[in-house]
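From a predicted model like this one, the values you see are computed outputs, not experimental measurements. Numbering starts at 1 and runs along the sequence shown.
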Amino acid sequence: MPGTAHPRPRTRQREATRRQLVEAGLRVVAEHGFAGATTAAIARATGKAHGTVFVHFANRDALVEALVAEVGQAMSQRLSALPADTCGVGEVLDAHLLALGEHEVLYARLLREATALPLSARARVFALQSAVGSRLREAHARDVGRGVARAMNPVALTNLWIALTNHYLMNRDLFAPGGSVVAQRGAELKAQLLDVLQP
């Protein structure tokens with residue numbers, strides 16, 4: 001069809017290989033952590049030559065950043081799906097918990113190993129938490145205006161929620177032995193924050 005651009009087979013193949021590397025990287029991280037997510041281990045998990053990794057990623061740091069971005073994408077999508085001008089705090093918490101639950105093992109590893117990650121990957125984690133905080137502050141302002149939440153320092157509110165979820169995720173083996181901390185304790189975490197906001 002004239003005027004319609006179709007990706008070339010080579011481009012599609014390149015994109016598919018890159019996707020395979022990212023998916024394999026996520027599996028390796030889930031099992032062995034970011035420290036164990038070497039380029040060689042990820043190449044092995046795809047059955048491709050080690051050099052293939054460097055065709056798609058300049059170095060290991062670039063690959064790790066792509067893995068962190070992948071974890072954050074689910075969260076961004078969940079938050080973006082919320083109605084921007086009507087949702088309340090409870091809906092933001094539900095969306096955040098749902099996104100955390102989808103990649104709980106990876107996100108917990110991300111938190112535990114954050115100081116060992118490349119600065120670019122750490123910046124992505126910070127940006128992700130900032131985005132959650134921004135949506136939470138907007139929803140809180142709406143709830144205060146509706147009279148269903150008490151006023152509170154918005155930065156303290158954000159820090160409280162991020163610290164609470166991070167604490168439970170980093171200690172998931174204690175809070176939900178052998179299971180999902182979001183599935184087992186998510187409602188409790190949400191209730192704790194909403195209780196703080198009771199007018």
Provide the closest heavy-atom pair for Cys87 versus Val92 in the form atom of the first, atom of the second, distance.
SG-CG2, 3.9 Å
All pairs passing salt bridge (charged side-chain N to carboxylate O under 4.0 Å, His left out) where residues 148-163 contributes a residue, at least two apart
none
For the residue pair Ala45 and Ala24, what are the closest heavy atoms and their distance?
CB-CB, 3.8 Å
Side-chain heavy-atom pair Val144, Leu197 within 4.5 angstrom cut-off:
no
Let me confirm one number: the OG1-CG distance from Thr165 to Leu97, rounded to the nearest 0.5 Å.
7.5 Å
Quick check on the hydrophobic clustering: are Phe126 and Tyr107 connected, directly or via other members, by side-chain heavy-atom contacts under 4.5 Å?
no
Using the ring pair (Phe, Tyr, Trp, His ring centres under 6.0 Å) criterion, which residues pair with Phe57? Sequence neighbours excluded.
none
Joint hydrophobic cluster, Val148 plus Val196, side-chain heavy atoms closer than 4.5 Å
no
Between Glu138 and Arg135, does any NZ, NE, NH1 or NH2 come within less than 4.0 Å of an OD or OE carboxylate oxygen?
yes
Of all heavy-atom pairs between Arg142 and Asp85, which one has the smallest distance, and what is that distance?
CD-O, 3.2 Å
Any side-chain to backbone donor/acceptor pair from Arg78 onto Leu100? Under 3.5 Å, distance only.
no
Take Phe34 and Leu106, measure what side chain to side chain contact (heavy atoms under 4.5 Å, CB included) needs, and give me the verdict at the end.
CA-CA 9 Å; Phe34 282 92; Leu106 292 166; 5.8 Å; no
Side-chain (Asp143) to main-chain (Val89) donor-acceptor, under 3.5 angstrom:
yes
Are side-chain N/O atoms of Gln20 and Thr46 paired as donor and acceptor at under 3.5 Å?
no
Is there a side chain to side chain contact (heavy atoms under 4.5 Å, CB included) between Val29 and Leu110 once you walk through the steps?
CA-CA 9 Å; Val29 168; Leu110 194 62; over 6 Å; no
When you compare the side chain of Val55 with that of Arg14, does any pair of heavy atoms fall below 4.5 Å?
yes
ILVMFWY cluster, Leu194 and Leu98 together (side-chain gap under 4.5 Å)
no
Is there a side-chain contact between Arg172 and Val105, using heavy atoms and a 4.5 Å cut-off?
yes
Between Asp195 (side chain) and Ala191 (backbone), is there a donor-acceptor pair under 3.5 Å?
no
Of the options Arg109, Glu104, Arg112, which is the one that meets Leu169 in a side-chain contact (heavy atoms from CB on, under 4.5 Å)?
Glu104
Going through the checks in order, is the salt bridge (Lys or Arg N to Asp or Glu O under 4.0 Å) test met by Glu70 and Arg124?
CA-CA 10 Å; Glu70 190 74 18; Arg124 279 191 175 271; over 6 Å; no
Counterpart residues, ring pair (Phe, Tyr, Trp, His ring centres under 6.0 Å), relative to Phe54 (two or more places apart)
His50
Checking the side chain of Arg60 only, and the main-chain atoms of Ala37 only, is there a donor and an acceptor separated by less than 3.5 Å?
yes
If only atom types and distance count, is the side chain of Ser134 paired as donor or acceptor with the main-chain N or O of Ser130 below 3.5 Å?
no
Asn153 side chain to Ala156 backbone, donor-acceptor under 3.5 Å:
yes
What do the steps show when you test Leu26 against Val71 for side chain to side chain contact (heavy atoms under 4.5 Å, CB included), and what is the final call?
CA-CA 9 Å; Leu26 293 173; Val71 174; 4.2 Å; yes
Check the pair Leu136 / His140 against side chain to side chain contact (heavy atoms under 4.5 Å, CB included), numbers first and verdict last.
CA-CA 6 Å; Leu136 185 55; His140 176 243; 5.6 Å; no
Short question: side chain of Gln184, backbone of Ala176 - any donor-acceptor pair under 3.5 Å?
no
Of the non-hydrogen atoms in Gly36 and Ala41, which two are nearest, and what is the gap between them?
O-CB, 3.8 Å
Any side-chain heavy-atom pair of Gln77 and Gln73 under 4.5 Å
yes
Spell out, yes or no, whether Leu164 and Ile162 are grouped together once hydrophobic residues are joined by side-chain heavy atoms under 4.5 Å, including indirect joins.
yes
For atom CD of Glu31, is the number of surrounding heavy atoms from other residues, nucleotides or ligands below 6.0 Å larger than 12?
no
4.5 Å side-chain heavy-atom contact, Leu157 and Leu193:
yes
Shortest non-hydrogen pair, Gly88 vs Ala139, comes out as C-CB, 3.5 Å
Would you indicate whether the side-chain heavy atoms of Leu128 and Val68 approach each other to under 4.5 Å?
no
Do the rings of Phe175 and Tyr168 sit parallel, tilted or perpendicular, given the 30° and 60° boundaries?
parallel
